[in-house]
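Data first, discussion second: the structure below is written as structure tokens.
Computed from heavy atoms alone, side chains included, the values below leave out hydrogens, waters and symmetry copies. Everything quoted here is computed from the prediction, not taken from an experiment.
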Amino acid sequence: MLAVSHLVFFTLLLVTSGTVQAVTLESLLAGMEDSAEVRVQEAEQERLAIEHQYRIEERGWSVFGGADIGRFHELQPDGNRDDYTGFGASVGLRYPLLGTLDERERAVSDARLAVTEKTYETLLRRSTQRFQLRQSYTDWWHAGAVTHWCGTWRAIAREELASARERASQQALRTSELKWLEQRWDRVTRSCERSEQYQSQLRERTARLAGAILTPPDLPQRPTLTRHPAPLVQWTDALNHHPAVTARLQSMETASRNRDHHWSDRVDSNFTIAQRLDRRTDTSGTGSGLVAGVTFEVPLAALTGPDPGSPDNARYRAARERHRAELDQWRGYLEDNLLRYREALDDVSEAVDQLTLARRLTLERRQRLTIDSEAGYMAMRTARVEEAEAHLNLYRAWRGASQERAGLLQVAEHSDNQAELLGSEAVSWPISGEGAGGNSDPIKAVYVWDSRPLLGEAERRKRHLQALESTGFNRLYLGLDSRQVARPQEILDPLKTLVSEAQNRGIRVDLLLGDPLWLTDEHRADLTALIRRLSILPFAGLHLDLEVEQLGWPVPEQRLQQWLQTVGEATEVSPWPVTLVSHHRWFSNMADPVTCVPCQLAANGVREVSLMIYTTRTRRSVGLMDRSEQLWPQLTFRLAQSVEAALPDSQSWHGQTTKGLNEVEQSLVSEGIHNIEWQDWRNHPAYPEQTGD
């Protein structure tokens, strides 16, 4: 790609780039505040812990005491009677024996168990809160992704229906066909309206569940799906460690320790030792005495009736059955959840196939428009609405699978081998170039270095846009010359017109700036000043073409640092999301540990990179793209190819027909490369002014 200074282009970029803040589910889970239900459980746990301490104190020695006073008429041996008033007091120690001691030991054990059960119930409520947060986050992602995706398809729907109604008014389209199109597009737009309606509500619900503050700039990332969850038999450890099951297990183990039955269990008995002081009003002095004794009490029926058995044994059997029932309940839940998740993954695969087919049909029918003429008109309309519906189906299927995966995590998160249980192979998202919000179509872009044909008179602009649309381009990288850059106010209205007409055709426009001198400390401020000057223009993205190699080879470490610094400063001042174009060498090889360019790009707000792999050997392009994606999964890559006449045949597809380039694209798509960019429009065979401007 050539380094052209002051280039500009516009795109409806992805919702996670640039100034948009991507909120990860992991960060929300890590910072999740306990809900009111969890806090109630924690308060109950604290209360039970205090009661447990009371039961411990009641188990050992206790102090007792008392005082009494009375009027006594006491007969003497000689027949006389002493009348006197007496009073006294006693204080002593008491220790429980036999059944009394067993009962208090059991009270301590029950209190300890109550604390343990409440601890696991707190963990269970917190796990439920995480489950609800995962599901709410998925709903939020789905609503946001569809909303942003609908920005493109709503414009296409207006264009499609306007065209169909015009034809119907001219008797060139059956009324039934028009009604059919209106009904299909109405279903699409209703989905868009629902998503827009619920997006803020779902964001607020997610914020409430997480105990976080989320604002409109915050957008979720697409939930991860994994293939091949482990079979049910491998989930035993996770089930046994689930809080609900563990709480029942603790109850059973406590009951097991207390189920020994002895004859003394029903005997209430205490050992006491006490000191007593007495005083009489008719004599001087004080009487005293030290008394030790043992008391017992046992129901008479326990000595004469049949033995009904131990209640502790019955308690153990009941606890054992509750544990089995809890384990069976969660095993059944997990079995159903695994089945639903696998079915949901099948739905995702089917939705991916439908979208792939819909894209191919749209492309093929667009290419056959000039051949099929009128007969192909309705086929093209059908293809476009089916592609829109295929997108919606994919988002719904992904959401459904993510909801089922959240259910699996309710069990898997309590195991040490969570990744093995859920499956380590991630499901690939078929829409390349997408960020966190998940709202971007595959990119077929073209570089337009000379913007005059598109910003000039209306008929010429229409001719170029028609050629771009019929060729299948959905993104423009639009360049501005020095005059346009110097007077951005003069191109504001033409650019708005271009953006509107391009959007109606499903084509997006991005701002491209490129000059290697901006990498240097002396000229870096020129770039930031230019971005500020152009900020009045209606661009949604900034694409930086800063080829570090053009300042000399080999590239020193200092220049790589300057490159990253320039990108960082541009991102800070840019009102648009920022993407980057670069030679593949910095991404297809393991980076030098001193300056790792891919490692630092995300920190600078850049997550999408166009790789210049100028070769006509598609296998090499595919190999380098695959390697880059494997090395740097945090980045999304696009493949830039050349049709420039100035490059040798081994590096450029120059001379190919439009049909030939379509076949090249299909070959790349079949290898998994969906985002393809062509350098440049003037050298492309579909350029409508081959004789020059």
Next item on the list: Check whether the ring centres of Tyr333 and Trp330 lie less than 6.0 Å apart, and answer yes or no.
Entry: yes
Next item on the list: Could you walk me through whether Arg205 and Ser136 pass the side-chain hydrogen bond (donor to acceptor under 3.5 Å, both in side chains) test, one step at a time?
Entry: CA-CA 7 Å; Arg205 185 179 72 178; Ser136 181; 3.0 Å; yes
Who pairs with [X] by side-chain hydrogen bond (donor to acceptor under 3.5 Å, both in side chains), at least two apart in sequence or on another chain?
| X | value |
| --- | --- |
| Glu386 | none |
| Arg134 | Glu413 |
| Ser415 | Asn417 |
| Arg194 | Ser191 |

[Y] and [X] side chains, donor-acceptor separation under 3.5 Å:
| X | Y | value |
| --- | --- | --- |
| Trp398 | Gln403 | no |
| Arg399 | Thr138 | no |
| Asp34 | Gln129 | no |

Check: With sequence neighbours excluded, what pairs up with Ala445 under the side chain to side chain contact (heavy atoms under 4.5 Å, CB included) test?
Finding: Ile443, Arg475, Tyr477, Glu677
Next item on the list: Would you sort out whether Arg585 and Glu549 count as a salt bridge (Lys or Arg N to Asp or Glu O under 4.0 Å), showing the intermediate values?
Entry: CA-CA 10 Å; Arg585 63 171 57 89; Glu549 302 89 341; 2.7 Å; yes
Next item on the list: Mind running salt bridge (Lys or Arg N to Asp or Glu O under 4.0 Å) on Arg126 and Glu42 for me, showing each step along the way?
Entry: CA-CA 11 Å; Arg126 194 174 286 123; Glu42 290 175 334; 2.8 Å; yes
Check: With under 30° as parallel and over 60° as perpendicular, where do the rings of Trp140 and Tyr137 fit, or are they tilted in between?
Finding: perpendicular
Notebook entry, point to check: Residues two or more places apart in sequence or in another chain: which of them pass ring pair (Phe, Tyr, Trp, His ring centres under 6.0 Å) with His414?
Noted result: His242
